[in-house]
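The basis for the numbers below is simple: all heavy atoms, side chains too, and nothing from hydrogens, waters or symmetry mates.
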Amino acid sequence: MRVLLVDDHALVRNGLRAVLDTTADCTVVGEAATGEAAVDLAETLQPDVVVMDLSMPGAGGVAATAALRERVPTARVLVLTTFADDARVRAALAAGATGYLLKDADPDDVVRAVQATARDEVPIDPRVARSLLPRGADRHADAGGRADADGHTGPDGHPGAGGHAGAGGGSGVPAGTGDAARSLGGSPVRGGADGPVRGRADGPVRGRADGPDRHDAGGPLRGAADRDAPDLPPRERDVLVRLARGLSNRQIATELGIAERTVKVHVGSVFRRIGVADRTSAALWARDHGW
């Protein structure tokens, strides 16, 4: 597959190239440091996947994604960013992004996300997917399609190109996106603006808390909703709690002091025991059962 890298930091582009160039089915065909350059290059190079940063000089990643989807409709966009806030996620998906991944993901997860994007699947970082779910709704229905154990959700699990409506009834698309998209020759992203986009690129990625803490230093708290849940072994409970926090296998292994390969085995066992097929569904299951 042909991949175009778009990020205003050369160090990030070099790192991505180093990872993807060692993957048998990936070829990095070009790099761009701005959204405008990305659209022009994509028209010339016709990539299968565009790995897109959001925060760049000029129009930015959301507007570039909207223009790409219009001018190079065969290219699929995987957003790779530090931002996990709802407004940016919804704006990117509304603009036509296929997947959304955070920059602290493991290199192997980035490769799998690129491959999944090329297959027109919907790789969504579990921390981001949970933040998209409306409170009080049927979370399992919203989680949608099934996927592999690495968290890639299939086409039926797309959270929706328009996103869920925000508090003000809009789509969460930041103000000014339409003008920026026009400047790139694409159609404006439509939808209201729910206020300023919030989030920091220079700090740790933080997930949303939709309720009281589910666990403490002593382990998960199991409530009434968990009466019919399978009785997981202690180590698998430890893994599930951390998976629900959005940690990668490598991060879980570091916290628990075990091998990453062992974590992967535990994750697979947890999936079988609780009847799910991907990390996002497992995280939602844990939350619904009071873990």
Is there a path of hydrophobic side-chain contacts, each under 4.5 Å between heavy atoms of I/L/V/M/F/W/Y residues, joining Val62 to Leu78?
no
Taking transitive links into account, so neighbours of neighbours count too, which hydrophobic residues share a cluster with Leu11 at under 4.5 Å side-chain distance?
none
Passing option when Arg127 is tested against Asp104, Asp85, Asp86 for salt bridge (Lys or Arg N to Asp or Glu O under 4.0 Å)
Asp104
Taking the side chain as C-beta and beyond, is there a heavy-atom pair between Thr74 and Val72 under 4.5 Å?
yes
Check step by step if side chain to side chain contact (heavy atoms under 4.5 Å, CB included) holds for Thr98 and Val77.
CA-CA 5 Å; Thr98 297; Val77 177; 5.6 Å; no
If you compare all heavy atoms of Val110 against all heavy atoms of Ala105, which two are closest, and at what distance to 0.1 Å?
CG2-CB, 4.3 Å
Looking at side-chain heavy atoms only, is the closest gap between Trp285 and Leu240 below 4.5 Å?
yes
Do you know the tightest heavy-atom contact between Val6 and Ala38?
CG2-CB, 3.5 Å
Is there a side-chain contact between Tyr100 and Thr81, using heavy atoms and a 4.5 Å cut-off?
yes
Has Thr65 got a side-chain atom pairing as donor or acceptor with Gly61's backbone, closer than 3.5 angstrom?
yes
Spell out, as yes or no, whether a donor-acceptor pair under 3.5 Å connects the side chain of Thr117 to the backbone of Ala113.
yes
Do Ile252 and His266 have side chains that get closer than 4.5 Å, going by heavy atoms?
no
How many angstroms lie between CG in Leu20 and CG in Leu5, if you round to the nearest 0.5 Å?
6.0 Å
Check whether Val12 and Met56 end up in the same hydrophobic cluster, where Ile, Leu, Val, Met, Phe, Trp and Tyr are linked by side-chain heavy atoms less than 4.5 Å apart.
no
To the nearest 0.5 Å, tell me how far Leu54 CG sits from Asp8 CG.
11.0 Å
Return a table of donor-acceptor pairs under 3.5 angstrom between the side chains of residues 44-53 and protein atoms on other chains or two or more places apart.
residue: Thr44; atom: OG1; partner: Asp40; partner atom: O; Å: 3.4
residue: Gln46; atom: NE2; partner: Glu43; partner atom: O; Å: 3.0
residue: Asp48; atom: OD2; partner: Arg2; partner atom: N; Å: 2.7

Path from Leu68 to Leu41 over hydrophobic side-chain contacts below 4.5 Å:
yes
Validation row: His9, Ser55 side chains within 4.5 angstrom (heavy atoms)
no
Give the minimum heavy-atom separation between Val79 and Ala97, together with the two atoms involved.
CG2-CB, 3.8 Å
Salt bridge check: are Glu255 and Arg250 linked by an N-O gap of less than 4.0 Å?
no
Any side-chain heavy atom of Phe271 sitting closer than 4.5 Å to one from Leu243?
yes
In one Ile/Leu/Val/Met/Phe/Trp/Tyr side-chain cluster, 4.5 Å: Val89, Leu101:
no
Name every donor-acceptor pair, under 3.5 Å, that has one atom in a side chain of residues 25-33 and the other anywhere in the protein, sequence neighbours excluded.
residue: Asp25; atom: OD1; partner: Gln115; partner atom: NE2; Å: 3.2
residue: Asp25; atom: OD2; partner: Gln115; partner atom: NE2; Å: 3.4
residue: Glu31; atom: OE1; partner: Arg13; partner atom: NE; Å: 3.0
residue: Glu31; atom: OE2; partner: Arg17; partner atom: NE; Å: 2.7
residue: Glu31; atom: OE2; partner: Arg17; partner atom: NH2; Å: 3.3

If I take atom OG1 from residue Thr254 and atom CD from residue Glu260, how far apart are they, to the nearest 0.5 angstrom?
8.0 Å
Donor on one side chain, acceptor on other, Arg279 and Asn249, under 3.5 Å
yes
Do Met1 and Thr23 have side-chain heavy atoms sitting under 4.5 Å apart?
no
Just do the salt bridge (charged side-chain N to carboxylate O under 4.0 Å, His left out) check on Glu236 and Arg272 with the steps written out, would you?
CA-CA 11 Å; Glu236 290 183 8; Arg272 289 189 295 273; over 6 Å; no
Would you say Ile258 and Arg235 make side-chain contact, with heavy atoms under 4.5 Å?
yes
Distance-only, no hydrogens or angles: does the Arg88 side chain make a donor-acceptor pair with backbone N or O of Ala84 under 3.5 Å?
no
Quick check: does any side chain N or O of Arg76 sit under 3.5 Å from a backbone N or O of Val114, one acting as donor and the other as acceptor?
no
Between atom CG of Asp109 and atom CG of Leu102, what is the distance when rounded to the nearest 0.5 Å?
11.0 Å
